[in-house]
Student: 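So that we are looking at the same thing, I have put the structure below in structure tokens.
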Amino acid sequence: MWQVIGQQKAVMLMDRSVKTGQFAHAFLFTGPPHTGKMTLARNLAQALNCGSDNRPCNECSSCRRVAAGKHPDVQVLQLNLEDRKKVITIEQVENMQSNASLPPYEGKYKVFIFEDADKLSHDAANRLLKTLEEPMPQVVIILVTSRESDLLPTVISRCQRIEMPPLPIAVVEEILADKYGAPPEDAALLSRLSRGRLGWAISALQDRSLLETRQSRIGDLLEMRSASITKRLSYASDLASRFGKSREEVDDIMELWLRWWNDLLLVSAGNADRIVNLDHESELAEQAQNLTIPQLTRALRDLQEAGRQLEQNVNPRLVLEVLMLSMP
Amino acid sequence: MKVSCLQENLNKALGIVGRAVASRTTLPITNNVLIATEDSKLKLSATNLEIAITCWFGTVVEEEGAITVPARLLNEFVSSLPSGRIDLKLTDHSLHLECARVEANISGLDAEDFPPIPEVGDGLTYEIAPEDLRLAINQVVFATATEDTRPVLTGVSAELEGDTMTMAAADGFRLAIHKAPLATPAKEKLEVIIPGRSLTELGRLLAEQEEPVLIAVSPTKSQILFRLNDVTIGETKARVELVSQLLQGTFPNYRQLIPQTYSTRAIASTSDFLRATRTAAIFARDGSGIVRLQVMTGAQDQPGKISISARSEQIGDNVGEIDAEVEGEASKIAFNGRYVTDVLGVIHEDNIALETTTPSSPGVIHPIGSERYMHIIMPMFVQW
């Protein structure tokens, strides 16, 4: 049983490859975060080493140990958090290569999964090229990334590329309600907020703190709309200092704002049925009354521009202050 | 599990399997040693996923069971205990040890999660005398490459055919070939590449054996097993098995590198040659290790000699001479000094022969009085 839900195309391809025994020696699983890439990678590692007829069976000792990260032939390479390195280092790749020169310890294939392959340092990626091109038989390499554009083209061209796109909102809603027993209003809200990333929706369903964080961020946003300039600026500098610690958090906040302004635009244009923030319909309707469509499109464009500038390492405090000043 | 054994036995057994415990690993459980009862013996296993060593030794088993505990911790603890009886008892997920007036609890991990020690089976088996195997390993394994750029060169090629085992190792600059006799003729030809590290560990284990070592290879040729039946642990003989993963790939065809002829052959004392090379190597350190050898024929009834020199622009130079029986013409050749000292250090015969042709073709070193060993070194190009 493949455990990835939704991604029929990718799953079918993997299933067929495993059944016929004809598969690439290197895969690239690419798609936005939380779309099931790592699940599929682990599943593939299980299927390659599973002894039963219906591979992967998820039940045999081999499958269970792959799932628990205890299988000697399946190795997940990721950022080394102890070393506080920001890249996957050349040493990690070299260790992996010497490991790959030996036959599988107990299973049929050695599987190396690079979680966040985009974090491979330039040198490490180059060192990997030879192995990616012609690894030893019985070695399968899976690169997993949500930022394909950060990978070297020479790496991408050596792998079979498997796209794992976000699912349609309706599909996510259906899966949440049917398979995870989510109440209809939760299923509707989470599927929209997830933007098709099923993994995110499921974790938000199981972990309420994600939604609570979102509520408090919406609260901040509503407060800033009516706040004085000094308050806005102090919020901007607060965000900038958080950006130094965790880019992801600020990216998430900006993403939330983007959805919010987009919803406002939808409401003003009379498409209120397509909004994402279903639980704030009345606030959206109220705010939309005081804003014109050109104002909203400008706000959206400012947000996108700010996001681009942050990506390009412009001083975060300046970017965020400009954004807060221009916010209608 | 409830067993008791002697501290010195447990300590020795832990020392044996401890060599296979992983040091830097992606699988934390491989830092542990597996302790289990089997056929009223205590079984200890450790693996780093490349080498696995298992040791069975006699104990009093009262209750069966299995657990894994951190190897280094257990080893340090047991070696610090006074000699005498140790009682081991399994409680939930920890191992309780009692010895004299010391008690300890070591928390462990489930034995089921321990990577299974590969089963090799008795498909292809071979036997070799331990001292022959040890000599072969000693004379070959140092020539393996240490870098991983070509994984097969980090291993030793072993060919078992008829009544000989040929081991060869090469790192691109030197080639060591050893032919050892098998204790019983091989039924089927076997060619494998064994990681150098595994053989080094095996060599350490082979110190006191008398019975032949059994070699078995899995049908898929992915693992090789060495079984030692009489490792001394305390008063008893214990069984120790070392299983190594085999390197996959083809070993370069080294036979075509063996020079067929020579124009100069010099026979010299191994120890004199070694000492003179070591002396020269001191001066060679700065000059990328270059040691120059000049073989000179003796004038009429006089023995010939080899002059061994090194020089460095900054430090200075030295010249040493040793007597040699020279056949053929005078010659000059330069080697990396370390390669010469490495090979002379593992030859036990009194005399060696150095065979050369031109300064740019490889030199061959043989022991005199043994046909088993041959060592080939690539020369270095120097301005004479």
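Below, all heavy atoms of this structure are taken into account, side chains as well, without hydrogens, waters or symmetry copies. So that the names make sense, note that chain A is the first sequence line, chain B the second, and so on, each numbered from 1.
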Student: Is the backbone of T35(A) close enough, under 3.5 Å, to the side chain of Q7(A) for a donor and an acceptor to pair up by distance?
Tutor: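 Between the backbone of T35(A) and the side chain of Q7(A) there is a qualifying donor-acceptor contact (under 3.5 Å).
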Student: So which part of D73(A) gets closer than 4.5 Å to some heavy atom of chain B, the side chain, the backbone, both or neither?
Tutor: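 Contact with chain B: none, neither part.
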Student: Assess the side chains of T145(A) and D118(A): does a donor N or O sit below 3.5 Å from an acceptor N or O?
Tutor: yes
Student: Which bit of T47(B) comes within less than 4.5 Å of chain A, counting heavy atoms only: side chain, backbone, both or neither?
Tutor: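 The side chain, not the backbone.
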Student: Where on Q223(B) is there a heavy atom nearer than 4.5 Å to chain A: the side chain, the backbone, both, or neither?
Tutor: side chain
Student: Against chain A, label L27(B) side chain, backbone, both or neither, depending on which of its atoms sit under 4.5 Å from a heavy atom there.
Tutor: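 For L27(B), side-chain heavy atoms alone lie under 4.5 Å from chain A.
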Student: Run the salt-bridge test on R197(B) and E201(B) with the 4.0 Å N-O cut-off and return the result as yes or no.
Tutor: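 Looking at E201(B) together with R197(B), the answer is no, because their closest N to O distance does not fall below 4.0 Å.
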Student: Is P28(B) in contact with chain A via its backbone, its side chain, both, or neither, using a 4.5 Å heavy-atom distance?
Tutor: neither
Student: Quick one about T39(A) and Q3(A) (side-chain donor to acceptor, distance below 3.5 Å, no hydrogens or angles considered), yes or no?
Tutor: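 Q3(A) vs T39(A): no donor-acceptor pair found between side chains.
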Student: With a 4.5 angstrom heavy-atom cut-off, is it the side chain or the backbone of I193(B) that approaches chain A, or both, or neither?
Tutor: neither
Student: Can you tell me which portion of P137(A) sits under 4.5 Å from chain B's heavy atoms? Options are side chain, backbone, both or neither.
Tutor: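 For P137(A), no heavy atom lies under 4.5 Å from chain B.
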Student: Quick one about S45(B) and T54(B) (side-chain donor to acceptor, distance below 3.5 Å, no hydrogens or angles considered), yes or no?
Tutor: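 The criterion, which ignores hydrogens and geometry beyond distance, is satisfied for S45(B) and T54(B).
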Student: Report the relative orientation of the aromatic rings in F29(A) and F27(A); use parallel for angles under 30°, tilted for 30 to 60°, perpendicular for over 60°.
Tutor: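 If you compare the ring of F29(A) with that of F27(A), the planes turn out tilted.
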